[in-house]
Peer 1: 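The structure under discussion is supplied below as structure tokens; questions concerning it will follow.
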Amino acid sequence: MTATPQYIHVSVAWPYANGDLHVGHLAGAYLPADIFARYHRLKGNHVLMVSGSDSHGTPISVEADKRGIPARDLFEHYHQRFLLTQQKLGISYDLFTHTDTENHHKIAQDFFTRLLQGGALYTETQDLMYSELEKRFLPDRYVEGKCYICGYDKARGDQCDNCGNLLEATLLIEPRSRNNPADKLVIRTAEHYFLDLGKFTNELLAYVESKKDVWRANVTAFTRNFIADGLRGRPITRNIDWGIAVPLAGWDDKKLYVWFEAVMGYFTASVEWAHNIVDYHAWKKWWYNPEAKIYNFLGKDNIPFHTIIWQAELLGVDGIYNDGDSARINLPYDVPANEFMNIEGQKFSKSRNWAIWLPDIAERYQPDAIRYYVAATMPESKDSDFSWEGFYSRVNNELVAAWGNLANRMLTFAYKRFDGKVPAYDQLTPQDEAIIRQSEAAFDKVGTLLGEVRLLAGLQAAMDVVRDANAYLNEREPWKRIKDDPADAARSVYTILRVIDNLKILLAPWLPFSAQKLHEYLGYAGQIFGTLKIETFHEHTRSHNGLTYDGSKAVGRWQVSALAQGQALREPAPLFVKLDPEIIEKERAFLGAPRDEHEIVVG
RNA sequence: GCCGACGUAGCUCAUUCGGUUAGAGCGGUUCACUCAUAAUGAACAGGUAGUAGGUUCGAGUCCUAUCGUCGGCACCA
């Protein structure tokens, strides 16, 4: 139990700040990351969990144009909502920042420069379709025209839907914009920088193979496949206005491509955290420490960006900011990608509003209820489905009836019948000791599963203890013994309270809010976890808000209970709100209907 | 079209390298209990593991074919 603390970096995919967060974000990345991080915090490991809003990229510009506001205003609006939403749901980021900080710009540019100096970049002149009307280069998929292979009239710039061939947009006959068919397109040449991925093929391949027993099978298979197809250079600059400047003279009309710089956020946010919150060089303990482990949590759509591109970038900048130290920069130890969470059997769709928005449900349900259901139906190995009937029944049957009620029934009983104290006992029976040992053994079992990022199995293992504890009570029947053999009732009530105390910690990574309440009902002081707060950070020319986690006062430990006899309890109350069956239809009615953004109220 | 993944009880899902009568939760039926937000426990019912072949002493687990669902095929991140 007294192993040397490990350095665990939990990096979470960066959400585009062009709309509210939805349940897919939570299921895909934020919740698994938080459960994993909270477990390691309880273990006493040095956790650094970072993410932030992706403030660049076409989706931001497109949405901002649609609303007629500057891109910066749009992303700042959603960034602030991301902070509030995640604070409410208890996603315990050491730092949740964004990519429009001076820090991120500077480091991204330094990455670019270092890659350039290391020979990992090259320039190439591309012929691209340019819209005179929109005054910009159009992505291939926005171009339409006659297929030069089969003659199909509505071929897209990247592929013909009729003959299936991959196309060159510039060769299309009579090319036009899909946004506006009247818009005549012309071919313009532009010089761009490319990241030479092919240069890293062998290193990347060797790395996947070395991690094949750690990474999930789908992640390994996808990555191998991607490499086997042949890695081609990828353009990392673009003719756009909104983004990070290319740090070279004469490149003013271009910016760094968003996918190139956004993933660097894992690194830049670590540096920002160190600069703002602790000491300047602290980030190195995760990035240049051979013992540290970096875990990237993301959705499956993001796999190649993390197992190929980000890793190539890291390989290409190895040694950056390390002041000549020989340690190599750390690549992600694991990339636990989740699949997708569908909604009532259909795919998420922002345009159809087929989505469950986190700010909305956080208004109506307890954070632990949301966390429980999403964690219990997490798409860990395949797509899963969020259904309101499932939410209703799992919350009521499992969270409220099995677990919440176990705690409530015995806390109430002890509080009323044992003078508000943990009962004192003479000697425990073998049956009492057996259930205590069982709940203690779960620390290794659940802990191992959590360490392997097998969160579904971990939750199940913890809930198994809940069921065993309920069964134990039915046999021991303290409510009967209190009448004919009070000493025996004291034994079993003490026992069950100690089991509940263990379950409190076993379930805390999933259910941090109710764990804290339980902690207090059991008569303990202090907080199991640290505190999340929103702070403002000032740079030279701009300021930004970030979500931060202060764990300095946290007392929770991944350790078995040593519940003291006679400890004074506090008056208990039910941990969870039981759901009304009416919510099923009410919530379904929101799907596919127009939605208004509500102000997010915390507390 | 090419590549990949998946298809297991009414529902949601487990079955790490192929190995005893394929498991769990929910839902259903019966019984027990009353401390608890009418909350718990026990027992029972329920699956020829999409389909058809094959390899093997033995396959849900490997191979082939076929049907179905989904994803990727790089400038959408």
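Excluded from the calculations below are hydrogen atoms, water molecules and symmetry mates; all remaining heavy atoms, backbone and side chain alike, are included.
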Peer 1: Should the pair Phe391(A) and Tyr365(A) be assigned to parallel (<30°), tilted (30 to 60°) or perpendicular (>60°) ring geometry?
Peer 2: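 Phe391(A) vs Tyr365(A) ring planes: perpendicular.
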Peer 1: Hey, which of these two, Gly230(A) or Gln460(A), hits RNA chain B nearer its 5' end, going by closest nucleotide?
Peer 2: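 It is Gln460(A), whose closest nucleotide lies nearer the 5' terminus.
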Peer 1: Base, sugar-phosphate or nothing for Met410(A)? Non-hydrogen atoms, less than 4.0 Å.
Peer 2: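 Result for Met410(A) = base.
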Peer 1: Nearest whole Å is fine: how far is C33(B) C1' from Ile482(A) CD1?
Peer 2: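 The distance from CD1 of Ile482(A) to C1' of C33(B) comes to 17 Å, rounded to the nearest Å.
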Peer 1: Expressed as a whole number of Å, how far does the P atom of A5(B) sit from that of U61(B)?
Peer 2: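 Result for the P pair: 14 Å, nearest Å.
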Peer 1: Searching all strands shown, indicate the nucleotide that pairs with C73(B) (Watson-Crick or G-U wobble; both distances under 3.5 Å).
Peer 2: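 Result: G1(B).
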Peer 1: State which of U12(B), U37(B), A77(B) makes the closest approach to the side chain of Thr377(A).
Peer 2: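 Closest nucleotide among those given: U12(B).
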Peer 1: Contact class for Ala401(A) vs. all strands (heavy atom < 4.0 Å): base, sugar-phosphate, or nothing?
Peer 2: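 Sugar-phosphate: the residue Ala401(A), judged by heavy atoms under 4.0 Å, touches backbone atoms but no base.
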Peer 1: Out of A77(B), C70(B), U40(B), which has the shortest distance to the side chain of Lys300(A)?
Peer 2: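 That would be C70(B).
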Peer 1: Sticking with atom C1', work out how far G71(B) lies from C76(B), rounded to a whole angstrom.
Peer 2: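 It works out to 15 Å between them.
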Peer 1: Looking at C35(B) and Trp479(A): do their rings stack (centroid distance under 5.5 Å, interplanar angle under 30°)?
Peer 2: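 Base of C35(B): stacked against Trp479(A).
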Peer 1: Does the side chain of Arg454(A) get closer than 4.0 angstrom to OP1 or OP2 of C13(B) through an N or O atom?
Peer 2: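 No, Arg454(A) has no side-chain N/O under 4.0 Å of OP1/OP2 on C13(B).
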Peer 1: Closest approach to the side chain of Phe222(A), judged atom by atom: which nucleotide of G72(B), U37(B), G41(B) is it?
Peer 2: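 Nearest nucleotide to the side chain: G72(B).
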Peer 1: Considering every strand shown, what is the Watson-Crick or G-U wobble mate of A22(B) when both distances are under 3.5 Å?
Peer 2: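 For A22(B), the partner nucleotide comes out as none, under the 3.5 Å rule.
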Peer 1: For A36(B), take OP1 and OP2 only and decide whether either is under 4.0 Å from a side-chain N or O of Lys416(A).
Peer 2: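 Affirmative; the distance criterion is met.
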Peer 1: Report the distance from atom CH2 of Trp310(A) to atom C1' of A77(B), rounded to the nearest whole Å.
Peer 2: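 Distance check: Trp310(A) CH2 to A77(B) C1' gives 16 Å.
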Peer 1: Any side-chain N or O of Tyr257(A) under 4.0 Å from OP1/OP2 of A77(B)?
Peer 2: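 So the side chain of Tyr257(A) is within the cut-off, an N or O lying under 4.0 Å from OP1 or OP2 of A77(B).
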Peer 1: Counting any heavy atom closer than 4.0 Å, what does Leu473(A) reach on the DNA or RNA strands: base, sugar-phosphate only, or nothing?
Peer 2: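 No contact at all - Leu473(A) keeps every heavy atom at 4.0 Å or more from the nucleic acid.
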Peer 1: Got a sec: does the CZ of Arg454(A) have more than 12 other heavy atoms crowding it under 6.0 Å?
Peer 2: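 Incorrect, the count does not exceed 12.
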Peer 1: Look at the aromatic rings of Trp310(A) and Tyr266(A) and report parallel, tilted or perpendicular, splitting at 30° and 60°.
Peer 2: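 Rings of Trp310(A) and Tyr266(A): perpendicular, over 60°.
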Peer 1: Arg409(A) side chain: which of A77(B), U40(B), G41(B) is closest?
Peer 2: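 The answer is U40(B).
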Peer 1: Tell me which one of Lys480(A), Arg476(A), Arg481(A) satisfies side-chain hydrogen bond (donor to acceptor under 3.5 Å, both in side chains) with Asp488(A).
Peer 2: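 The passing option is Arg476(A).
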Peer 1: Counting Watson-Crick and G-U wobble pairs only, both distances under 3.5 Å, name the nucleotide matched with A65(B), or none.
Peer 2: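 Paired with U51(B).
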Peer 1: Give the nucleotide from the list C35(B), A74(B), A77(B) with an atom nearest to the side chain of Phe305(A).
Peer 2: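 Among C35(B), A74(B), A77(B), the one nearest the side chain of Phe305(A) is A77(B).
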Peer 1: As a test of reading the structure: which of C13(B), A74(B), C33(B) is closest to the side chain of Lys480(A), going by heavy atoms?
Peer 2: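 Of the candidates, C33(B) comes closest.
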Peer 1: Can you check the Trp388(A) CH2 to U12(B) P distance for me, whole Å?
Peer 2: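 It works out to 18 Å between those atoms.
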Peer 1: Treating Arg570(A) as the side-chain partner and Glu520(A) as the backbone partner, does any N or O pair qualify as donor plus acceptor under 3.5 Å?
Peer 2: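 Yes, Arg570(A) side chain to Glu520(A) backbone: donor-acceptor pair under 3.5 Å.
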Peer 1: Would you mind reading off the distance between Arg224(A) atom CZ and A5(B) atom C1', rounded to a whole angstrom?
Peer 2: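 In whole Å, A5(B) C1' lies 15 Å from Arg224(A) CZ.
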Peer 1: Is Asp301(A) touching bases, backbone alone, or none of the nucleic acid, heavy atoms closer than 4.0 Å?
Peer 2: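 Base, at least one base heavy atom under 4.0 Å.
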Peer 1: Parallel, tilted or perpendicular: which describes the rings of Tyr78(A) and Phe82(A), with under 30° parallel and over 60° perpendicular?
Peer 2: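 Geometry flag for Phe82(A) against Tyr78(A): tilted rings.
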Peer 1: Please give, in whole Å, the distance from C76(B) C1' to Arg238(A) CZ?
Peer 2: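 It works out to 9 Å between those atoms.
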Peer 1: Return the value, rounded to whole Å, for the distance between atom NZ of Lys347(A) and atom C1' of U69(B).
Peer 2: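 The distance from NZ of Lys347(A) to C1' of U69(B) comes to 11 Å, rounded to the nearest Å.
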Peer 1: Please measure how far the C1' atom in U15(B) lies from the corresponding atom in G7(B), and state the result in whole Å.
Peer 2: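 Each nucleotide's C1' atom is 15 Å from the other's.
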Peer 1: Can you tell me the Watson-Crick or wobble partner of A14(B), both distances under 3.5 angstrom?
Peer 2: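 The answer is none; no pair meets the criterion.
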Peer 1: Quick one: label Pro478(A) by what it contacts on the DNA or RNA (base, sugar-phosphate, nothing), any heavy atom closer than 4.0 Å.
Peer 2: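 The answer is nothing, as Pro478(A) stays clear of every strand by at least 4.0 Å.
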Peer 1: Counting only N and O atoms by type, is there a donor-acceptor contact under 3.5 Å from the side chain of Glu380(A) to the main-chain atoms of Asn338(A)?
Peer 2: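 Here the side-chain-to-backbone pair does not exist.
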Peer 1: From C-beta outward on Asn470(A), which listed nucleotide comes closest to its side chain: C26(B), G41(B), A74(B)?
Peer 2: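 Of the options given, the side chain of Asn470(A) lies nearest G41(B).
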Peer 1: What is the base-pairing partner of A9(B), counting Watson-Crick and G-U wobble geometry with both distances under 3.5 Å?
Peer 2: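 In the structure as shown, A9(B) has no Watson-Crick or wobble partner.
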Peer 1: Considering only the P atoms, how many Å lie between G53(B) and G60(B), rounded to the nearest integer?
Peer 2: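 Approximately 14 Å lies between the P atom of G53(B) and that of G60(B).
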Peer 1: Check the distance between A42(B)'s C1' and Arg476(A)'s CZ and give it to me in whole angstrom.
Peer 2: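 Result: 18 Å.
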Peer 1: Tell which nucleotide pairs with A32(B), taking only Watson-Crick or G-U wobble pairs whose two distances are both under 3.5 angstrom.
Peer 2: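 A32(B) is paired, partner U40(B).
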Peer 1: Checking all strands, does Ser384(A) fall into the base, sugar-phosphate, or nothing category for heavy-atom contacts under 4.0 angstrom?
Peer 2: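 Sugar-phosphate, no base atom in range.
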Peer 1: From the set U12(B), A77(B), U40(B), return the single nucleotide nearest to any side-chain atom of Asn405(A).
Peer 2: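 That would be U40(B).
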Peer 1: Have a look at Val258(A) and say if it touches a base, only the backbone sugar-phosphate, or nothing, with a 4.0 Å heavy-atom cut-off.
Peer 2: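 Result for Val258(A) = sugar-phosphate.
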Peer 1: Is any NZ, NE, NH1 or NH2 atom of the basic residue among Arg498(A) and Asp501(A) found under 4.0 Å from an Asp or Glu carboxylate oxygen of the other?
Peer 2: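 No, this pair does not count.
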Peer 1: G58(B) and C13(B): how far apart are their P atoms, nearest whole angstrom?
Peer 2: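 Each nucleotide's P atom is 34 Å from the other's.
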Peer 1: What's Glu475(A) touching, base or sugar-phosphate or nothing? Going by heavy atoms closer than 4.0 Å.
Peer 2: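 Here Glu475(A) touches no strand at all.
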Peer 1: Using the C1' atom as the reference point in each nucleotide, state the distance between C70(B) and U37(B) in Å, no decimals.
Peer 2: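 Taking atom C1' in both C70(B) and U37(B), they lie 41 Å apart.
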Peer 1: What is the distance, rounded to the nearest whole Å, between atom CZ of Phe418(A) and atom P of C35(B)?
Peer 2: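 Whole-Å distance recorded here is 13 Å.
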Peer 1: Could you give the distance separating A49(B) and G68(B) at their C1' atoms, to the nearest angstrom?
Peer 2: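 These two C1' atoms come out 16 Å apart once rounded.
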Peer 1: Using the six-membered ring wherever Trp is involved, compare the ring planes of Tyr257(A) and Trp259(A) and label them parallel, tilted or perpendicular (cut-offs 30° and 60°).
Peer 2: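 The rings of Tyr257(A) and Trp259(A) sit tilted, inter-plane angle from 30° to 60°.
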Peer 1: Applying the Watson-Crick and G-U wobble criteria at under 3.5 Å, what pairs with G58(B)? Answer none if nothing qualifies.
Peer 2: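 WC or wobble partner does not exist here.
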Peer 1: Is Tyr16(A) touching bases, backbone alone, or none of the nucleic acid, heavy atoms closer than 4.0 Å?
Peer 2: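 Here Tyr16(A) touches the backbone only, sparing every base.
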Peer 1: Select from Arg234(A) and Glu477(A) the residue whose nearest nucleotide in RNA chain B is closer to the 5' end of that strand.
Peer 2: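 The residue mapped nearer the 5' terminus is Glu477(A).
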Peer 1: Roughly how many Å apart are U12(B) and G47(B), using the C1' atom of each and rounding to a whole number?
Peer 2: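 Between the two C1' atoms, the distance is 15 Å.
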Peer 1: May I ask you to say what Arg417(A) touches in the nucleic acid, namely base, sugar-phosphate or nothing, with a heavy-atom cut-off under 4.0 Å?
Peer 2: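 No contact.
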Peer 1: Please determine, for the side chain of Asn474(A), which listed nucleotide (C35(B), G41(B), A77(B)) has the closest atom?
Peer 2: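 Between C35(B), G41(B), A77(B), the one nearest the side chain of Asn474(A) would be G41(B).
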Peer 1: Hey, what's the ring geometry for His105(A) with His56(A), parallel, tilted or perpendicular (30° and 60° as the breaks)?
Peer 2: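 It falls in the perpendicular class, over 60°.
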